[in-house]
There are 2 protein chains.
Amino acid sequence: MMITDPVTFAKAIADDTRQQVMNLLCCEWLCVSDIVERMGGVSQPTISHHLAVLREAGLVNTRRDGKQVFYSLDQEAVAVCCGTLLQRFAPGRQYIPVSQIELVG
Amino acid sequence: MMITDPVTFAKAIADDTRQQVMNLLCCEWLCVSDIVERMGGVSQPTISHHLAVLREAGLVNTRRDGKQVFYSLDQEAVAVCCGTLLQRFAPGRQYIPVSQIELVG
DNA sequence: AAAACATATTGACAATCGTCAATATGTTGA
DNA sequence: TCAACATATTGACGATTGTCAATATGTTTT
């Protein structure tokens, strides 16, 4: 598992186009041409560039299937990065996953 | 209460110097000259600039006391922004504040 | 092997950003 | 009011970034 430091994470998500792509990839796998189509008006090289930034920050999963390359958002990675930000910049308020609440009681 | 959108938040924290300043301001009030002193090697105008960015993003509290202006990190704002990021980009894993767990049972 | 398709890379350009020196603004105390 | 101090703003500069057109790489199909 790769660790993404807070600055790298912040830089990776600090662009509107990139956040729109992240939204598209949040809950489904999409190939590059589908992303280009849904983004409407953004060129394929630009999309590939943004995907590279997200990939290098460890925020997307990649799968090759024939000629196409599919991407999806790595929600776990996002959650870990946000957790790090919270620990560092909001230590006064600690958060825990809802999925663990059952175990508490 | 002001709302900070995820892109503005990300841009605000997408710089190493700025995150260092945020660390300094995380748990105490500091005036500008103290920040300059602790950052060592960064000029006062640069620090003022970074503080302005954080202020415009709603991430710091400000208080004037005589000639000096004190800043502190707004942990609540950071927590809200991280929460928004989690909702948008990690909807599969929901987190809640520890402080609210008592109320659940 | 060649053609067709999907994606990545390169090169160029404008726009944004981080930084500092110089200066302006604002506040206190003599 | 004036001098001293603290912070903010301006202007300039190099570095980084987002974007696209053109091209390269990689994969499948004929």
Side-chain angles (χ1 to χ4, degrees), chain A residues 4-25 28-74 81, chain B residues 4-25 28-74 81:
Chain A
T4 304
D5 78 287
V7 175
T8 303
F9 173 66
K11 283 182 189 287
I13 68 173
D15 178 76
D16 184 54
T17 303
R18 219 137 56 215
Q19 286 204 15
Q20 286 180 242
V21 171
M22 289 172 72
N23 255 309
L24 290 179
L25 299 179
E28 57 179 335
W29 288 84
L30 289 178
C31 69
V32 178
S33 49
D34 283 342
I35 301 173
V36 172
E37 193 175 26
R38 298 206 194 182
M39 287 293 293
V42 184
S43 74
Q44 176 266 314
T46 296
I47 295 297
S48 273
H49 164 68
H50 287 307
L51 289 171
V53 172
L54 294 174
R55 185 176 353 107
E56 282 153 23
L59 299 181
V60 287
N61 306 115
T62 296
R63 169 167 54 87
R64 168 143 232 151
D65 188 15
K67 325 182 202 182
Q68 319 192 354
V69 177
F70 286 81
Y71 288 85
S72 77
L73 190 64
D74 188 337
C81 289
Chain B
T4 303
D5 78 286
V7 175
T8 302
F9 172 66
K11 283 181 189 290
I13 68 173
D15 178 75
D16 183 53
T17 303
R18 220 136 56 216
Q19 287 205 13
Q20 286 180 244
V21 171
M22 290 172 71
N23 255 310
L24 289 179
L25 300 178
E28 59 179 334
W29 288 84
L30 289 178
C31 69
V32 179
S33 49
D34 283 341
I35 301 173
V36 172
E37 193 175 26
R38 298 207 195 184
M39 287 293 294
V42 184
S43 74
Q44 176 267 314
T46 296
I47 296 296
S48 274
H49 164 67
H50 287 308
L51 290 171
V53 173
L54 294 173
R55 185 177 352 109
E56 282 153 23
L59 299 181
V60 287
N61 306 115
T62 296
R63 169 168 54 88
R64 165 141 233 153
D65 188 15
K67 324 182 201 180
Q68 317 193 349
V69 178
F70 286 81
Y71 287 85
S72 77
L73 190 64
D74 188 338
C81 289

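In what follows, every chain begins at residue 1, and chains take the letters A, B, ... in the order their sequences are listed. As the structure is a prediction and not an experimental result, all values here were calculated from the model.
- Counting heavy atoms of neighbouring residues, nucleotides and ligands inside a 6.0 Å radius, atom CD of A:Glu28 exceeds 12 of them.
- To the nearest 0.5 Å, the span separating CD on A:Glu37 from CD1 on A:Ile47 amounts to 12.0 Å.
- To the nearest 0.5 Å, atoms CG (A:Leu54) and CZ (A:Phe9) are separated by 10.0 Å.
- In this structure, A:Asn23 CG and A:Arg38 CZ are separated by 12.0 Å, a value rounded to the nearest 0.5 Å.
- Rounded to whole Å, atom C1' of D:dG18 lies 12 Å from atom CG of A:Asp16.
- Note on A:Tyr71: only backbone sugar-phosphate atoms sit closer than 4.0 angstrom, heavy atoms only; bases stay farther off.
- Nucleotides of DNA chain C with any atom under 4.0 Å from a heavy atom of chain B span, from 5' to 3', C:dG18 to C:dT28.
- For the atom pair OG1 (A:Thr46) and CZ (A:Arg18), the distance works out to 11.0 Å, reported to the nearest 0.5 Å.
- With sequence neighbours excluded, the residues that form a side-chain contact (heavy atoms from CB on, under 4.5 Å) with B:Ser33 are B:Cys31.
- Taking for each of A:Lys11 and B:Thr62 the nucleotide of DNA chain D with the nearest heavy atom, the 5'-most of the two is the partner of B:Thr62.
- Rounded to the nearest 0.5 angstrom, A:Asp74 CG and A:Arg55 CZ are separated by 13.5 Å.
- At a non-hydrogen distance threshold of 4.0 Å, B:Gly41, B:Val42, B:Ser43, B:Pro45, B:Thr46, B:His49, B:His50 from residues 35-57 of chain B come into contact with DNA chain C.
- In this structure, A:Thr4 OG1 and A:Lys11 NZ are separated by 14.0 Å, a value rounded to the nearest 0.5 Å.
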